[in-house]
Amino acid sequence: MVGNLGRAKQFGEINKLLNEMVRDGCQPNTVTYNRLIHSYGRANYLREAMNVFNQMQEAGCEPDRVTYCTLIDIHAKAGFLDIAMDMYQRMQAAGLSPDTFTYSVIINCLGKAGHLPAAHRLFCEMVGQGCTPNLVTFNIMIALHAKARNYQSALKLYRDMKGAGFQPDKVTYSIVMEVLGHCGYLEEAEAVFTEMQRKNWVPDEPVYGLLVDLWGKAGNVDKAWQWYQGMLHAGLRPNVTTCNSILRTFLRVHRLSEAYNLLQSMLALGLQSSLQTYTLLLSCCTDARSKFDLGFCGQLMAVSGHPAHMFLLKMPPAGTDGQNVREHVSNFLDYMHSEDRESKRGLMDAVVDFLHKSGLKEEAGSVWEVAAFKNVYPDALREKSCSYWLINLHVMSEGTAVTALSRTLAWFRKQMLVSGECPSRIDIVTGWGRRSRVTGTSMVRQAVEELLNMFNFPFFTENGNSGCFVGCGEPLKKWLLESSYVERMHLL
DNA sequence: ATAGGGTTAG
């Protein structure tokens, strides 16, 4: 009953039940308390979970491995890794040695918190402590390496797992397919799909969706469409993400009428376009090659029915100071409050790029300013150390990068005029530099370099990192101070 | 009573 009520987050009812229980002469035991802790933790009431932990000890009930495991897990998942690790220490201090379950929890928590080497170390150490990894432990480890893009390590663990006599389950197959796909081994990912079916696992929608996405990204429209159809024939209903994958595939090769049909079938299935759907359509509009395609993209955006379309249609022309545009954007972002930041960033990027390339530069600049102010681009500007700044343009489209750079440099100038202090160094990071794993030229880097040259910004590159433009010292100060046109830079 | 994947966005 406590567990069931906890799942329903009925904490008032739980307390009534516990009082009733004590009144009838039944003392809560460790299992009762553990369920209670888990209930609070899952609902993100960590303080209450800790209260229960203290109460049970006051009542003379000893916490066991499950108690500690639960507390470790809920704290780590809530972002309190330090408290989680402290509970791990306390558990050992209480004479409870970790078991396979405990190790799995800790390994997962460490990995998710960005400490993959520590997670892997523990994974290697656990055997020496007499705890053998089981299927779930392997799945955790494979998934962590996959997330970190250590695909070769992930595949090696997969082989180790099979070598240790474990049969992969649906979760394993799913992760491994993703790994193979991201390595570019699409046929191999398909082979795993076949193996999975042969072992009587039933592929679900996300697995089909993965294959649609992989083939689509590889530019193979026919294959992507084939897997999409395969999913429908398996009696599965596509979700919005999968629809977006196939939609992106059509748009990329300018099959606009097929994109139109897909949007219509989304409507027929009762699937609401997401921010990503609209972002795809808007980007396609920006890249339209002809007046006809442009008009068609406009229709697609209207058919999507996403609120972002009204936002764009109602965008006012920038007045003398762009205040009306800023208010319009600000209202829209407030309305989009609960969307996750990456989605909002994607849309704002597409909007700024679109406006910039349509010649509405003042509007683009104002949209950027509000997006930056509303923390949609938290990594765009950072003070690396005292008066050493980093402008990070690496997740932006060309139009957005150029707009963001112009507005940020103007902001520096304004700050300087107010405070009299000048940054000693500014690094402008465009991406596709030294650590790039993708060959080819970066459009963003090119556009930024052209802009900097045009405005005689005093920059250099260092350590062979061609993707990062550095300005510093007197030349930087002189440029910021004397270039009154910085304010209007974004209009070019 | 405690642990694992879930897609877009480099």
Side-chain angles (χ1 to χ4, degrees), chain A residues 2-4 6-7 28-39 41-42 63-74 76-77 87 91 98-109 111-112 133-144 146-147 149 154 161 168-179 181-182 189 203-214 216-217 238-249 251 274-280 283 340-350 394-397 431-432 435-438 440 442 444:
Chain A
V2 170
N4 286 329
R7 209 161 297 138
N29 62 12
T30 310
V31 175
T32 323
Y33 286 117
N34 288 348
R35 282 193 187 273
L36 202 51
I37 290 172
H38 186 218
S39 298
R42 180 170 40 201
D64 62 1
R65 254 196 212 100
V66 176
T67 320
Y68 284 104
C69 245
T70 308
L71 284 166
I72 292 166
D73 193 50
I74 62 178
K77 282 186 177 145
M87 292 307 296
M91 175 182 119
D99 61 355
T100 296
F101 219 107
T102 321
Y103 274 112
S104 302
V105 171
I106 298 273
I107 288 168
N108 188 38
C109 292
K112 292 272 163 68
N134 61 20
L135 178 63
V136 174
T137 323
F138 271 106
N139 283 347
I140 289 170
M141 216 51 238
I142 296 171
L144 288 176
K147 269 265 151 56
R149 304 186 187 194
M161 189 195 92
D169 69 356
K170 200 172 153 176
V171 175
T172 325
Y173 284 127
S174 180
I175 305 165
V176 168
M177 282 176 63
E178 195 177 327
V179 168
H182 288 159
D204 51 17
E205 201 281 342
V207 169
Y208 280 97
L210 172 68
L211 286 161
V212 172
D213 194 61
L214 291 172
K217 283 211 178 107
N239 62 20
V240 177
T241 307
T242 305
C243 289
N244 289 344
S245 291
I246 192 82
L247 185 65
R248 172 169 25 77
T249 309
L251 294 176
S274 63
L275 258 182
Q276 286 86 342
T277 317
Y278 192 78
T279 304
L280 285 169
S283 304
D340 72 279
R341 197 172 60 208
E342 283 298 283
S343 312
K344 283 189 279 204
R345 184 179 65 67
L347 179 74
M348 286 297 126
D349 185 82
H394 91 281
V395 289
M396 300 176 194
S397 59
W432 299 132
R435 298 212 174 139
S436 170
R437 292 183 205 178
V438 177
S442 158
V444 170

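Chain naming here is simple, since letters A, B, ... match the order of the sequence lines and numbering starts at 1 in each.
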Within the 3.5 Å criterion, strictly below it, is a donor on A/Thr70 or A/Asp73 matched to an acceptor on the partner's side chain?
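No donor-acceptor contact under 3.5 Å links the two side chains.
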Heavy atoms only, 4.0 Å cut-off, all strands: where does [X] land among base, sugar-phosphate and nothing?
| X | result |
| --- | --- |
| A/Ile175 | sugar-phosphate |
| A/Val105 | sugar-phosphate |
| A/Gly209 | base |
| A/Thr70 | sugar-phosphate |
| A/Val212 | nothing |
| A/Asp204 | base |

Rounded to whole Å, please give me the gap between [atom1] in [X] and [atom2] in [N].
| X | N | atom1 | atom2 | value |
| --- | --- | --- | --- | --- |
| A/Met141 | B/dA3 | CE | C1' | 14 Å |
| A/Asn34 | B/dA3 | CG | P | 12 Å |
| A/Glu178 | B/dG5 | CD | P | 11 Å |
| A/Arg42 | B/dT2 | CZ | C1' | 11 Å |
| A/Arg65 | B/dT2 | CZ | C1' | 11 Å |
| A/Leu71 | B/dA1 | CG | P | 17 Å |
| A/Ile142 | B/dA3 | CD1 | P | 19 Å |
| A/Leu347 | B/dT8 | CG | P | 18 Å |

Can a salt bridge be assigned to the pair A/Asp349 and A/Arg345 using a cut-off of 4.0 Å between side-chain N and carboxylate O?
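Result for this pair is no, no salt bridge flagged.
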Any [X] side-chain nitrogen or oxygen under 4.0 Å from OP1 or OP2 of [N]:
| X | N | answer |
| --- | --- | --- |
| A/His38 | B/dA1 | no |
| A/Lys147 | B/dT7 | no |
| A/Lys112 | B/dG5 | yes |

Between the base of B/dT7 and the side chain of A/Asn244, is there a donor-acceptor distance below 3.5 Å?
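No.
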Kindly say whether, by distance alone, the side chain of A/Asn134 makes a donor-acceptor pair under 3.5 Å with the base of B/dA3?
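Flag set: donor-acceptor pair detected.
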Of all the choices, [options], which nucleotide is nearest to the side chain of [X] once you look at every atom?
| X | options | value |
| --- | --- | --- |
| A/Lys77 | B/dT8, B/dA1, B/dA3 | B/dA3 |
| A/Asn108 | B/dA9, B/dG6, B/dA3 | B/dA3 |
| A/Glu205 | B/dT7, B/dA3, B/dA9 | B/dT7 |
| A/Val31 | B/dA1, B/dG6, B/dA3 | B/dA1 |
| A/Lys170 | B/dG5, B/dA3, B/dA9 | B/dG5 |
| A/Thr241 | B/dA1, B/dA3, B/dT7 | B/dT7 |
| A/Arg345 | B/dT7, B/dA3, B/dA9 | B/dA9 |

Partner residues of A/Tyr103 under the ring pair (Phe, Tyr, Trp, His ring centres under 6.0 Å) criterion, sequence neighbours left out
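So A/Tyr103 forms no ring pair (Phe, Tyr, Trp, His ring centres under 6.0 Å) with any residue.
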Give the C-alpha distance, both sets of side-chain angles, the deciding distance and a yes or no for side chain to side chain contact (heavy atoms under 4.5 Å, CB included) between A/Leu347 and A/Tyr278.
CA-CA 8 Å; A/Leu347 179 74; A/Tyr278 192 78; 3.7 Å; yes
Could you list the residues that satisfy side-chain hydrogen bond (donor to acceptor under 3.5 Å, both in side chains) with A/Asp64, not counting sequence neighbours?
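Scan of A/Asp64 (side-chain hydrogen bond (donor to acceptor under 3.5 Å, both in side chains), adjacent residues dropped) gives A/Asn34, A/Thr67.
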Test side chain to side chain contact (heavy atoms under 4.5 Å, CB included) applied to A/Asn108 and A/Val136, A/Thr137, A/Ile140, the passing residue:
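It is A/Ile140, the one option of A/Val136, A/Thr137, A/Ile140 that forms the side chain to side chain contact (heavy atoms under 4.5 Å, CB included) with A/Asn108.
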